[in-house]
Amino acid sequence: MEERLQKYLARCGIGSRRRCEEYIQDGLVSVDGQVVRELGTKIDPDKQEIFFWGKKVSAQDQVLTTVMLNKPAGYVTTSHDQFGRPNVTQLIDIPGVRLYPVGRLDYQTSGLLILTNDGDLTYRLTHPAHQIPKVYEALIAGEITSEEIRRLEKGVVLDDGFKTSPSEVRLVSMRGGNSRIEITIHEGKNHQVRRMAKAVGHPVLRLKRIQEGELRLGTLKEGEYRVLTEKEIRQLQEAGRKIK
Ligand code: URA
């Protein structure tokens with residue numbers, strides 16, 4: 001049966017539909033040997049061969065698998081990197097299963113990253129209509145004042161004019177002239193925490209994501225991952241449930 005190419009790719013676990021549209025526009029997808037950049041393209045997976053990034057994809061025989069990884073700094077989460085830097089998927093080794101990151105973490109950011117081949121879960125967790133809360137631990141330059149914390153919490157204007165929605169900020173400690181804060185945001189603009197901290201004059205020195213929704217990084221070591229329990233997956237699905 002025919003379906004839209006981006007919908008099929010999402011069903012194969014490649015990423016959210018939106019992310020798959022980007023992949024199509026970037027020329028990473030081919031159908032029967034021809035690169036397809038047209039978003040409206042319909043395909044018939046029973047009759048055609050679909051390739052993503054040079055590998056054949058299939059929605060059949062997919063065992064849905066979701067893991068959380070403690071991403072080390074120095075890994076990219078995007079599937080193609082012009083500098084050839086290490087990719088987080090190289091840290092996952094589950095025979096016969098190919099997983100894709102849910103959303104992005106910057107190259108230098110560490111911490112909690114969910115990877116899955118469940119396109120529906122990815123769609124729910126990354127849809128802008130319902131961003132689940134994400135908690136970051138940030139070491140920032142300088143001593144932050146309570147007034148600056150209030151500004152971060154109320155929303156700040158970023159370098160491109162975007163005003164952030166309310167966040168929660170907790171001062172963890174101040175040491176050696178720098179501050180450690182925990183910040184919870186409910187949206188996911190590019191480099192958002194780094195840009196927010198900069199907007200109040202305290203550039204981020206180190207950034208780590210420690211929680212998404214109910215899911216906490218806990219004692220998972222850097223570079224290690226574990227398969228999520230059914231309960232954890234249900235909680236994530238619930239968190240993304242409000243999407244129409
Ligand atoms: N905010 C950032 O600035 N970077 C990340 O990787 C995640 C959130």
Side-chain angles (χ1 to χ4, degrees), residues 15-16 18-19 22 67-83 85-92 99-116 122 125-128 130-142 144 148-149 151-172 178-218 220 222-225 236 239-240:
S16 66
R18 226 157 28 101
R19 184 61 48 74
E22 288 171 16
V67 304
M68 75 163 166
L69 166 74
N70 184 347
K71 174 194 177 297
Y75 282 78
V76 294
T77 54
T78 44
S79 59
H80 52 296
D81 178 55
Q82 55 173 325
F83 305 113
R85 295 173 292 187
N87 192 293
V88 285
T89 53
Q90 293 165 357
L91 297 166
I92 312 289
L99 302 180
Y100 300 87
V102 175
R104 293 176 185 171
L105 276 185
D106 293 340
Y107 178 61
Q108 287 299 4
T109 302
S110 64
L112 201 171
L113 181 69
I114 297 168
L115 294 101
T116 188
T122 302
L125 293 179
T126 54
H127 197 290
H130 191 244
Q131 287 273 356
I132 66 171
K134 298 183 185 103
V135 187
Y136 295 85
E137 200 178 84
L139 178 68
I140 56 175
I144 193 166
E148 287 161 344
I149 288 181
R151 277 172 59 203
L152 280 178
E153 288 192 317
K154 272 179 70 181
V156 286
V157 178
L158 301 182
D159 42 17
D160 60 356
F162 177 81
K163 170 124 192 285
T164 60
S165 58
S167 67
E168 294 99 61
V169 179
R170 184 170 77 82
L171 177 62
V172 179
N178 296 326
S179 318
R180 195 176 293 277
I181 58 169
E182 216 173 84
I183 177 164
T184 305
I185 59 172
H186 304 263
E187 54 199 350
K189 295 279 160 209
N190 256 354
H191 316 301
Q192 181 157 340
V193 174
R194 292 175 196 277
R195 289 160 72 205
M196 286 175 76
K198 203 162 165 209
V200 293
H202 297 281
V204 164
L205 303 174
R206 254 201 323 270
L207 187 61
K208 179 178 186 178
R209 181 155 68 199
I210 56 172
Q211 187 169 347
E212 269 192 67
E214 306 270 299
L215 189 65
R216 290 187 70 87
L217 189 59
L220 199 62
E222 271 199 10
E224 291 190 347
Y225 64 92
L236 288 172

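In each ligand, atom 1 is the first atom listed, and ligand 1 is the first ligand listed.
- On a distance-only criterion, Arg195 and ligand 1 share no N/O pair closer than 3.5 Å.
- The distance from ligand 1 to the heavy atoms of Leu207 drops below 4.0 Å at these ligand atoms: 1 (N), 2 (C), 3 (O), 4 (N), 5 (C).
- The closest side-chain donor-acceptor pair between Arg195 and Thr164, if any, does not fall under 3.5 angstrom.
- Of all heavy-atom pairs spanning Glu212 and Ile132, the tightest one is C-CD1, 4.1 Å.
- For Arg151 and Glu148, the salt-bridge test fails: no basic side-chain N is under 4.0 Å from an acidic carboxylate O.
- Residue contacts with ligand 1 for Val204 are absent, since no atom lies close enough (heavy atoms, distance under 4.0 Å).
- In this structure, of Thr77, Val193, Asp106, Leu105, the residue bringing a heavy atom nearest to atom 4 (N) of ligand 1 is Asp106.
- Of all the heavy atoms of Thr109, the ones lying under 4.0 Å from any atom of ligand 1 belong exclusively to the side chain.
- A salt bridge is absent between Lys208 and Glu137; no separation between the charged side-chain nitrogens and carboxylate oxygens falls under 4.0 Å.
- A distance-only check finds a donor-acceptor pair linking the side chain of Asn178 to the backbone of Gly142 [under 3.5 Å].
- The contact set between ligand 1 and Tyr136, taken as ligand atoms under 4.0 Å from a residue heavy atom, comprises 7 (C), 8 (C).
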